[in-house]
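Some notes on the structure that comes next.
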Amino acid sequence: MAKADEKVRIYTGSDADMIQASRVMHGLFVEDKIAFINFDGGFIDPFAENWLQKIEAGNDVVQDSLYLSGQIELTKNVELKMNECREYFQMMKYFIEKAFPNRKEIWTQFGVNDYEKARVSETKMIQFLGMLQKTAAEFSIDLIAAGFNQEKIDKIALLQTDLINADYEQEMSKKKRPAVTQERIEKLNECFQFMQKVSKAGKIIFANNRAKFDQYLMPNERIVKKPDEPAPAPVNP
């Protein structure tokens, strides 16, 4: 059930089909605009232009599938950064053990015991890298003597920053999705409402013209008849 302030589609079928149907009916309306204006002055310009703007806006809104694809890419980027951090620590661990052989109390300060939890969580890994950076700075002389140079020590901060940025982009995308979805639905509904209004008037204006009447049927009102089946009679306005 939709929430009170949540926008829902007022049409059935796909967004693409609705936009296409609206664009076709808009073209028909432009051809028959004089008849519509004579029927209702509310159809005078810029009605046609406003409708076309809604069609274009509806056509340009980000599809949910595309938005999800973007989220998938952001998730992949986070995992790539996480994997880079994992590999880097495993490499660094070699030099920690080399610099402090059998000094498990110092290994603990480098987070050796915390790594298993950090390796599966972006937030924990970010904290882990912060701790690792401080500890590496504290024991930099020993690490450098063991072959883990200052450039490698400095890279810990770079890895943390990259992971923070990747995680931020992923989380922001998740937060924005509901708003993007609501904006898309609103624009598509506006486009559909223009088509509804023209369809309602068109079926009255052309009630005695079967061919024109059919042109202004809404997509869900169209009946696909069998080859030998007679066309249905016009709907009473």
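For reference, positions follow the sequence shown, starting with 1. What you see below is based on every heavy atom in this structure, not just the backbone, and it leaves out hydrogens, waters and symmetry mates.
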Determine the interplanar angle of the Phe36 and Phe43 rings, folded into 0 to 90°, and report it as parallel if under 30°, tilted if 30 to 60°, perpendicular if over 60°. perpendicular
For residues Thr135 and Gln109, is any side-chain donor paired with an opposing acceptor at under 3.5 Å? no
Look up atom CD in Gln170 and atom OG1 in Thr75, then write down how far apart they are to the nearest 0.5 Å. 4.0 Å
Ion pair check, Arg86 and Glu84, cut-off under 4.0 Å: no
Angle between ring planes, Phe139 versus Phe100, binned at 30° and 60°: parallel, tilted or perpendicular? perpendicular
Under 3.5 Å donor-acceptor, Tyr115 side chain and Phe89 backbone: no
Out of curiosity, Leu143 CG to Lys98 NZ, how far, rounded to the nearest 0.5 Å? 11.0 Å
Quick one: closest heavy-atom pair of His26 and Ile55, and the distance? CB-CD1, 3.8 Å
In terms of hydrophobic clustering (I, L, V, M, F, W, Y; side-chain heavy atoms under 4.5 Å; direct or indirect links), are Leu80 and Leu159 co-clustered? no
So, are Glu186 and Arg9 salt-bridged, with charged N and O less than 4.0 Å apart? no
Glu97 side, atom CD; Lys104 side, atom NZ - distance, nearest 0.5 Å: 9.5 Å
N-O pairing of Lys187 and Glu183 below 4.0 Å: yes
Hey, mind stepping through Glu87 and Asn83 against side-chain hydrogen bond (donor to acceptor under 3.5 Å, both in side chains) and telling me if it holds? CA-CA 6 Å; Glu87 291 178 351; Asn83 195 53; 3.2 Å; yes
Can you tell me how far the CD1 atom of Ile144 sits from the NZ atom of Lys152, to the nearest 0.5 Å? 11.0 Å
Are any non-hydrogen side-chain atoms of Leu188 and Cys191 less than 4.5 angstrom apart? no
Hydrophobic cluster membership, Trp107 vs Phe128, 4.5 Å side-chain cutoff: yes
Under a 3.5 Å cutoff, is there a donor and acceptor pairing between the side chains of Tyr11 and Asn189? no
Search all heavy atoms of Leu163 against all heavy atoms of Val78 and return the closest pair with its distance. CD1-O, 4.2 Å
Decide yes or no on side chain to side chain contact (heavy atoms under 4.5 Å, CB included) for Asp167 and Glu171, but give the supporting numbers first. CA-CA 6 Å; Asp167 183 63; Glu171 292 304 315; 4.1 Å; yes
Step by step, work out the side chain to side chain contact (heavy atoms under 4.5 Å, CB included) result for Val30 and Leu52. CA-CA 10 Å; Val30 171; Leu52 183 59; over 6 Å; no
Within a strict 4.5 Å, meaning less than it, do heavy atoms of the Met25 and Phe29 side chains meet? no
Shared hydrophobic cluster, Leu158 / Tyr88 (ILVMFWY, side-chain heavy atoms < 4.5 Å): no
For Asp142 against Ala99, the heavy-atom pair lying closest together: O-CB, 3.7 Å
Are Glu221 and Lys203 ion-paired here, with the side-chain N under 4.0 Å from a carboxylate O? yes
Is it the case that atom CG in Asn208 sees more than 12 heavy atoms from other parts of the structure closer than 6.0 Å? no
Residues Glu73, Lys76: salt bridge by 4.0 Å N-O rule: yes
Residues passing the salt bridge (charged side-chain N to carboxylate O under 4.0 Å, His left out) test with Glu56, sequence neighbours excluded, are Arg23
Side chain to side chain contact (heavy atoms under 4.5 Å, CB included) between Ile205 and Tyr216, worked out: CA-CA 10 Å; Ile205 296 168; Tyr216 288 98; over 6 Å; no
Indicate, with yes or no, if Met172 and Ile164 share a hydrophobic cluster defined by side-chain heavy-atom contacts under 4.5 Å among Ile, Leu, Val, Met, Phe, Trp and Tyr. no
What is the minimum heavy-atom distance between Phe206 and Ala35, and which atoms define it? CZ-CB, 4.2 Å
Single-linkage hydrophobic cluster Tyr168~Leu129, side-chain heavy atoms < 4.5 angstrom: no
Can the ring centres of Phe47 and Phe194 be said to be less than 6.0 Å apart? yes
Exercise: identify the closest heavy-atom pair between Lys81 and Ala166: CG-CB, 4.1 Å
Hey, what do you get for CD1 (Ile185) to CD (Glu190), rounding to the nearest 0.5 Å? 12.5 Å
May I ask you to check whether over 12 heavy atoms, not counting those of Lys212, lie within 6.0 Å of atom NZ? yes
Can you check whether Met92 reaches Ile156 side chain to side chain, under 4.5 Å on heavy atoms? yes
The reported gap from SG in Cys85 to CD in Gln90 (rounded to nearest 0.5 angstrom) is 12.0 Å
Might you point out which heavy atoms bring Met195 and Pro219 nearest each other, and give the distance in Å? CE-CD, 4.3 Å
Sidechain-backbone polar pair: Ser22 side chain, Ile19 backbone, donor-acceptor under 3.5 Å: no
Quick one: do Glu122 and Met82 satisfy side chain to side chain contact (heavy atoms under 4.5 Å, CB included)? Show the steps, please. CA-CA 7 Å; Glu122 299 99 280; Met82 282 288 288; 4.1 Å; yes
Looking at Tyr94 versus Phe148, is the centre-to-centre ring distance below 6.0 Å? no
What I want to check is whether the side chains of Asp154 and Gln150 have a donor and an acceptor closer together than 3.5 Å. yes
For atom CD of Glu151, is the number of surrounding heavy atoms from other residues, nucleotides or ligands below 6.0 Å larger than 12? no
Would you call Lys33 and Asp45 a salt bridge, using N to O less than 4.0 angstrom? yes
